[in-house]
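Input: a single structure, listed below in structure tokens.
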Amino acid sequence: MQMDKKYPEYKQLSLTRIGNEVLNFWTENNVFEQSLENRRNHTPYVFFEGPPSANGVPGIHHVMARAIKDIFCRYKTLKGFYVERKAGWDTHGLPIEIAVEKTLGITKEDIGKKISVDDYNKACRKEVMKYKDLWDDLTLKIGYWVDLNDPYITFENTYIETCWYLLAQLYKKGLLYKGYTIQPYSPAAGTGLSTHELNQPGCYRDVKDNTVVAQFKVRRDTDHALLNTLFEGGNAEVFILAWTTTPWTLPSNTALAVGKDIDYVLVDTFNPYTSLPVRLVLAKPLFGKYFPEKNAEFTMESYEPGSKNIPFKVITEFKGSQMAGLRYEQLLPYAQPETGDAFMVVTGDFVTTEDGTGIVHIAPSFGADDFKVARQNGIGALTLVDKQGRFTAEMGEFAGRYVKSEYMTDDDPMRNENVDIDIIVKLKKENRAFKTEKYEHSYPHCWRTDKPILYYPLDSWFVRATALKERMMELNKTINWKPESTGTGRFGNWLENLNDWNLSRSRYWGTPLPIWVSEDREEEICIESVEQLKAEIEKSVAAGFMKSNPFAAFVPGDNSAENYNKFDLHRPYVDDIVLVSPKGNKMTRETDLIDVWFDSGAMPYAQFHYPFERKDELNEYFPADFIAEGVDQTRGWFYTLHAIGTLAFDSVAFKTVVSNGLVLDKNGNKMSKRLGNAVDPFETLEKYGPDATRWYMITNAQPWDNLKFDLEGIAEVQRKFFGTLYNTYSFFSLYANIDGFRYEEAEVPFASRPEIDRWILSELNSLILDVDDAYADYEPTKAGRLISDFVDAHLSNWYVRLSRRRFWKGDYSQDKISAYQTLYQCLVTLAKLASPIAPFFTDRLFIDLNGITGKEKHASVHLSDFPVADTSMIDKQLEERMEYAQVISSMVLSLRKKTNLRVRQPLQKVLIPVSGTAFQSQLEKVSNLIASEVNVKEIEYLSESAGFLVKKIKANFKTLGPRYGKQMKDVAATIAAFSQEQINQIEKDGKLIFMLNEDEIEIFLQDVEIITEDIPGWVVANQGSLTVALDITLTPQLVEEGIARELVNRIQNLRKDKGFDVTDKISIRIDKLDSIEAAIAHNYTYICSETLCEKLEILDPDQLSGKEIIDLTDDISVGIAINKLV
RNA sequence: AGUCCCGUAGCUCAGUUGGUUAGAGCACUACACUGAUAAUGUAGGGGUCCGCAGUUCAACUCUGCGCGGGACUACCA
């Protein structure tokens, strides 16, 4: 190190510039890699990066999410852990296919025809990494340290192979099965959806549908005990009413469900559309909804067709159980079910009387409950809708029409037609509709196409997640959720209501299901590795089912990229593989792909190609100690990680999870490109720099609360936190450079340091403990706020403010060295404490400091160790008395303000009443600080209370409350009304007994709070239990000193204006004025030494040239000229 | 419809195991301090702590019922 090397000084703070410079420094010196190397073979701290999809552009919320991840990884690194961080990309799935189809202008059917499979495959690989550069750029710019050079990519063969391995493990455990069920299905996407896909935010949306209460005509020509009752005394047709929000399912109706304990009524009335007399069945609790009380007055006979006043008459009532088995005429007879019974009333426990009619229309193909209840009762099904969402050919005039208009293309001539309405119209004409209305309810939509889904019968492969539901819940209890409620509430509820995981997707671009099945479905094989597949193909080739082995060149055990790039496990290549069963039968692959969420849930293992690589090290990278993503991943990634962890390894996949909330705009609205309120992360980083952006996001709201993102807030952080810290450093470097402080002197012993140094070091060490706790508890907001409070309130506005003089005045003494060492320690420690949150600025600070002193061997703060608190330096008494000093100073300043005595005017003394010696000795240790801060000459303590002070007494509710309960109010009032004598007595004796309505009340000193309210003849201020009085007498000497100080201040300002260096010596010439002459004469040395003046002349105003006229006080103006001495 | 989170000054947020007169910052006004400071200090305005009930001597804090905002769940006809 060169002797003349200096701490860098800056003209102004630019966090953006620092961000760029430090980023270059990291890149050039491989600091991230070093930070890993530094901790190699230390205890691992396992972190999983949730893979984003790079086919969308990153938003400001990604900055938030990535900052949180980065903070804890950096913190743990500082704490000595080895934190491997592998980036990852989620590359499979529908959005990629859709984007590719759009880009190439093709549809799914064109694959292999208009475009070769190879090209399609390539296009997908390209599409999926479309914005990778943008993502990498953002990742670097915000300082998120993650290994971008060797990311895991879900479309790679090695990744897929691990997925296959995991599926095979589940298969072996009997946790994979194929089932025919009613599933959410997206006709627009042409694929079924899993429940957690449906549970993505925004999938359920409120829509208005046309609903209808349909009349199902009871058949009289069958045997049923209830028929006599239903048809008694009338020949009108009898109808059962059932409500639906999906009229397009009515042609597929095959049953009606009632609740067996629900009461139903039989009513005579007229159909409002046809005015024909009808007899209806509906649930009694819902009767009033259709038959308003006011219509009861109308008689059946008085009804005029078309009138709105429709009369009604209740005939009888019965239970739902009595209705079971009733037969009815098919409502819309387009087709008949091929198997099973149909058009019968059944009972179901899901029927409620919440809405509708208390009778549920059952279309087994389009509802899970419908399917279940139909199967239980042997009812057949009708599926009069195809997979594109159109009515089938059997549907007569409706054949070929889409059941939801959203499925039509924009230029479809039927675009504005709604088939539900046409069905309703038909029912109305046929006297089969009793009521119709628009109804708003929430309906699930496909998260990819934004179009409504249908429930549709599909063949699918499922993971039997329900089998391990209990275990998942048990393991969940061991996970540390931040916040806790997400784990117990949201995630816990989800596990309780768990369904089996539907894995199947009918698409192209994804991980293929590795299951081959024989034609008769008797024989199955689930492949768990490429090696196994290759061997199976060999058998198939031998059996003559395949001509050659596409995996011939693959060398088992060779994990090189080259070896794994010799083939492609994607469709349709994999579909060409035909295997041979043990019995010698042909086996073909189940054509489904698996849910992309399985890919992401498999990342803990697949990122390292487990178990084909790093098999024995599993416990070094699984389970994760920590993961973090948005709360919207609760049913997404958090679930799939947990499910696979539990099912395949009987383990949690993560021990701690931080789920962060949404980033909203400053008005609390969701950000969206459409509304134009989305914040561009790149612009924000460019303008405010990464540190301020991160600091703001972390300290403004808890990560799990939603953040109202306001750029003003970043500006404030920049000014308040970084500006203050920067200024503190500037102050340090300015004087340290002058004095040549390089931390070369021996450490000044702690006990020898002055009070204020020991105080800030005590606070600093307390801060280390608190911040460490906050990080360890995954509370970054708390950590950040603690740090900024320390910098602002303690370091800058008290320590530096009061110590300023020590830095620039006098010789390079031990006191001065102590000041430098103390401030240096504070700054270096702060750099380390804050480095997880603000990695760039703190590294600059660390390097600027350490570059001169060489105190630490590390080239970067991120290679250092987290500070360890020296608890021997923590002195709570000292912290307490310094707080007294701050409060008292502020009270005196307040008094000065009230009495219009500015701080430069010295005053003689401050009087502080003290109640005990302990308190007084506390104050005595800080009295000089108070005196200099508020510019008074002495502090006097007043322990004598007799007569002089006016005191006030208050009850201490905390101690008296439990003792006196109901009497508390009276006791408090009595105490407040104590006379001065009584107060003095309790102070003297320590206790007092008084009577309150017959009862004897005994109180002690700790049961009351006594404060001095007033000191007659003084100006007094109170705050809490503290009281101060100020002597405001101005002697001529004090006035002169005041003038001298004003003069010094003006001269200093002149020096600064003229750009003199702080060490320049000057000469001063001043106008000769009567009002100040004595002040200068009596304070001559003081003025000269403060201003570094070698020569002070007082000249007649006429003779003074080159002077400036300065206002000294309200009444005095004076001409001053200063010159630099060479 | 249910579950969870949130509701404190114009704005962003603190508020310990219930304890007396509910705080900070920003913004606004005035004044002051400063040879580090885009900082800071002092003073001022600004509050039915979402509402109502209950428990308690005492509720911003605990309980219940509502209201408003948000997230999530749902077979919901």
Side-chain angles (χ1 to χ4, degrees), chain A residues 12-13 182 198-199 201 204 211 242-246 249 257 348 350-352 354-363 367-372 441-442 444 455 483 485-486 488-490 492-494 497 631-632 634-635 661-662 664 666 668 670 699-701 704-706 708 710 712-713 715-716 718-720 723-724 726-735 785 789 792 796-797 800-801 804 807-808 889-890 893-898 900 902-904 954-962 964-972 976 1009 1048-1049 1051-1053 1055-1056 1060 1062 1090-1092:
Chain A
Q12 78 177 70
L13 173 66
I182 307 302
L198 217 51
N199 288 332
Y204 281 84
T211 70
W243 181 56
T244 182
T245 55
T246 51
T249 60
F350 53 86
V351 181
T352 67
E354 299 272 308
D355 42 26
T357 62
I359 298 157
V360 177
H361 137 66
I362 300 293
D369 272 335
D370 305 48
F371 181 78
K372 212 165 77 188
H441 63 143
S442 72
Y455 286 91
S485 60
T486 303
T488 52
R490 192 176 291 193
N493 289 343
W494 165 251
N497 301 318
V631 70
D632 54 341
T634 308
R635 267 103 183 178
L662 300 170
L664 308 169
K666 64 177 175 184
K670 254 188 169 166
T699 57
N700 192 60
W704 34 90
D705 287 337
N706 289 344
K708 290 181 187 166
D710 187 357
E712 289 289 320
E716 189 181 324
Q718 194 177 24
R719 262 205 323 274
K720 207 166 163 52
T724 305
Y726 157 80
N727 284 321
T728 306
Y729 168 78
S730 302
F731 173 82
F732 169 83
S733 59
L734 175 64
Y735 293 107
R785 286 177 181 174
D789 285 351
D792 187 39
S796 172
N797 284 308
V800 174
R801 182 182 167 87
R804 248 176 300 144
F807 288 89
W808 52 265
S889 297
S890 125
L893 291 173
S894 160
L895 287 172
R896 279 182 168 277
K897 168 71 193 165
K898 270 187 198 135
N900 266 326
R902 57 182 167 272
V903 182
R904 274 192 222 101
K954 277 200 307 196
N956 179 353
F957 282 69
K958 212 164 184 172
T959 58
L960 287 170
Y964 293 105
K966 277 195 199 306
Q967 294 170 291
M968 193 55 219
K969 268 189 186 131
D970 290 339
V971 172
E1009 197 184 336
V1048 168
N1049 171 257
I1051 293 165
Q1052 304 288 35
N1053 287 345
R1055 285 182 60 118
K1056 205 175 178 182
F1060 291 1
V1062 288
E1090 287 299 305
T1091 58
L1092 299 186

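Worth knowing before you read on, the calculation uses all heavy atoms, side chains too, and leaves out hydrogens, waters and symmetry mates. Numbers restart at 1 for each chain; the letters A, B, ... are given by sequence-line order, proteins then strands. Since the structure is predicted, the reported quantities are computational estimates derived from the model, not experimental observations.
Using a 4.0 Å heavy-atom distance criterion, A/Ala363 is classed as making no nucleic acid contact. Contacts of A/Gly367 with the nucleic acid, taken as non-hydrogen atoms under 4.0 Å apart, are absent. Among the protein residues, A/Ser890 comes within range of the sugar-phosphate backbone only, with heavy atoms under 4.0 Å from sugar or phosphate atoms but none that close to a base. Note on A/Trp808: only backbone sugar-phosphate atoms sit closer than 4.0 angstrom, heavy atoms only; bases stay farther off. If you check every strand for non-hydrogen atoms under 4.0 Å, A/Phe807 touches nothing. A/Val971 comes within 4.0 angstrom of nothing in the nucleic acid, heavy atoms only. Residue contacts shown for A/Ser796 include a base, since a base heavy atom lies under 4.0 Å away. Across all strands shown, A/Tyr455 has heavy atoms under 4.0 Å from sugar-phosphate atoms exclusively, and none from any base. Nucleic acid contact for A/Gln12: base, since at least one base atom lies under 4.0 Å from a heavy atom of the residue.
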Atom pairs, N/O to N/O, protein against nucleotides 21-30 of chain B, distance under 3.5 Å?
residue: B/rG25; atom: O2'; partner: A/Glu716; partner atom: OE2; Å: 2.8

With the criterion being N/O to N/O and under 3.5 Å, what pairs connect the protein with nucleotides 11-13 of chain B, and how long is each?
residue: B/rU12; atom: OP1; partner: A/Lys708; partner atom: NZ; Å: 3.0
residue: B/rU12; atom: O2'; partner: A/Asn700; partner atom: OD1; Å: 2.6
residue: B/rU12; atom: O2'; partner: A/Asn700; partner atom: ND2; Å: 3.3
residue: B/rC13; atom: O2'; partner: A/Arg785; partner atom: NH2; Å: 3.3

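Looking at which nucleotide of RNA chain B each of A/Arg801 and A/Leu895 is closest to, the 5′-most match is held by A/Arg801. For the pair A/Ile362 and A/Thr728, both in contact range of RNA chain B, the more 5′-proximal nearest nucleotide belongs to A/Thr728.
What separates CG of A/Asn727 from P of B/rA39 is a distance of 10 Å, to the nearest Å. Atom CD1 of A/Ile359 and atom P of B/rC76 are 20 Å apart (whole Å). The nearest whole Å value for the distance from the CG atom in A/Asn797 to the P atom in B/rA39 is 11 Å. Going from atom CD1 of A/Ile182 over to atom P of B/rA74 covers 17 Å, rounded to whole Å. Atom CG of A/Leu893 is separated from atom P of B/rG41 by 10 Å (rounded to the nearest Å). At whole-Å resolution of the value, CG in A/Leu960 and C1' in B/rU20 are 12 Å apart. To the nearest angstrom, C1' of B/rA59 lies 14 Å from NZ of A/Lys958. Atom-to-atom, CG of A/Asn1053 to P of B/rA36 comes out at 11 Å; the value is rounded to the nearest Å.
A/Arg896 approaches A/Val903 most closely through the heavy-atom pair NH1-CA, 3.5 Å. What you find for A/Tyr726 and A/Gln12 is that their closest heavy atoms are OH-CA, 3.4 Å. Taking each heavy atom of A/Thr249 and A/Thr244 in turn, the nearest pair found is OG1-OG1, 4.0 Å. Here the closest non-hydrogen pair linking A/Ala242 and A/Thr357 is CA-OG1, 3.5 Å.
Summarising the base pairing, B/rU17 is matched to no nucleotide, lacking a Watson-Crick or G-U wobble pair whose two defining distances lie under 3.5 Å. Across all strands shown, B/rA22 has no partner, as no Watson-Crick or G-U wobble contact with both distances under 3.5 Å is found. Base pairing of B/rA30 is made with B/rU42, judged by Watson-Crick or G-U wobble geometry with both donor-acceptor distances under 3.5 Å. Both distances falling under 3.5 Å, in either a Watson-Crick or a G-U wobble arrangement, occur for no nucleotide opposite B/rU56. Remark: B/rA9 base-pairs with no nucleotide in the shown strands. Criterion, Watson-Crick or G-U wobble with two distances under 3.5 Å. Both distances falling under 3.5 Å, in either a Watson-Crick or a G-U wobble arrangement, occur for no nucleotide opposite B/rC76.
Not a single salt bridge (charged side-chain N to carboxylate O under 4.0 Å, His left out) links A/Arg719 to another residue, sequence neighbours left out. For A/Phe1060, there are no ring-ring contact (aromatic ring centres under 6.0 Å, His included) partners, not counting sequence neighbours. Residues satisfying the ring-ring contact (aromatic ring centres under 6.0 Å, His included) test with A/Phe731, not counting sequence neighbours, are A/Tyr735, A/Phe807. Every residue two or more places apart in sequence or in another chain that forms a side chain to side chain contact (heavy atoms under 4.5 Å, CB included) with A/Arg785 is listed here: A/Thr699, A/Thr781. Applying the salt bridge (charged side-chain N to carboxylate O under 4.0 Å, His left out) criterion to A/Glu716, with sequence neighbours excluded, gives no partner residue. With sequence neighbours left out, A/Thr245 forms a side chain to side chain contact (heavy atoms under 4.5 Å, CB included) with A/Thr211, A/Trp243, A/Tyr439, A/His441. A/Asp970 meets the side chain to side chain contact (heavy atoms under 4.5 Å, CB included) test with A/Leu996, A/Asn997; sequence neighbours excluded.
Atom P of B/rC60 sits at a distance of 34 Å from the matching atom of B/rC72, rounded to the whole Å. Distance check on atom C1': B/rG69 versus B/rA30 gives 38 Å, rounded to whole Å. Straight-line distance between the C1' atoms of B/rA59 and B/rA53: roughly 13 Å, to the nearest whole Å. Taking the C1' atoms as reference points, B/rA14 lies 27 Å from B/rC52, given to the whole Å. For the C1' atoms, the distance linking B/rU21 with B/rA36 amounts to 38 Å, nearest Å. When the C1' atom is used for both B/rG19 and B/rG64, the distance is 24 Å, rounded to whole Å. Only the P atoms considered, B/rC11 is 16 Å distant from B/rC49, to the nearest whole Å. Across the P atoms, B/rG7 and B/rG51 are found 13 Å apart, a figure rounded to whole Å.
Checking the phosphate oxygens (OP1, OP2) of B/rA58, no side-chain nitrogen or oxygen of A/Tyr964 falls inside 4.0 Å. Residue A/Arg804 places at least one side-chain N or O closer than 4.0 Å to OP1 or OP2 of B/rA36. Between A/Arg904 and B/rC33 there is a side-chain N or O to OP1 or OP2 distance below 4.0 Å. In this model, the phosphate group of B/rC33 is not approached by any side-chain N or O of A/Asn1049 to a distance below 4.0 Å at OP1 or OP2. Close to B/rA36, at under 4.0 Å from its OP1 or OP2, lies no side-chain N or O of A/Tyr729. For the pair A/Ser894 and B/rG41, the criterion of a side-chain N or O lying under 4.0 Å from OP1 or OP2 is not met.
Between A/Gln718 atom CD and A/Leu13 atom CG the span is 6.5 Å, to the nearest 0.5 Å.
Judged by distance alone, with hydrogens and angles left aside, the side-chain atoms of A/Thr728 form a donor-acceptor pair with the main-chain N or O of A/Thr724 at under 3.5 Å.
Listed nucleotides B/rA36, B/rU20, B/rA74 differ in distance to A/Phe957; the shortest reach to its side chain belongs to B/rU20.
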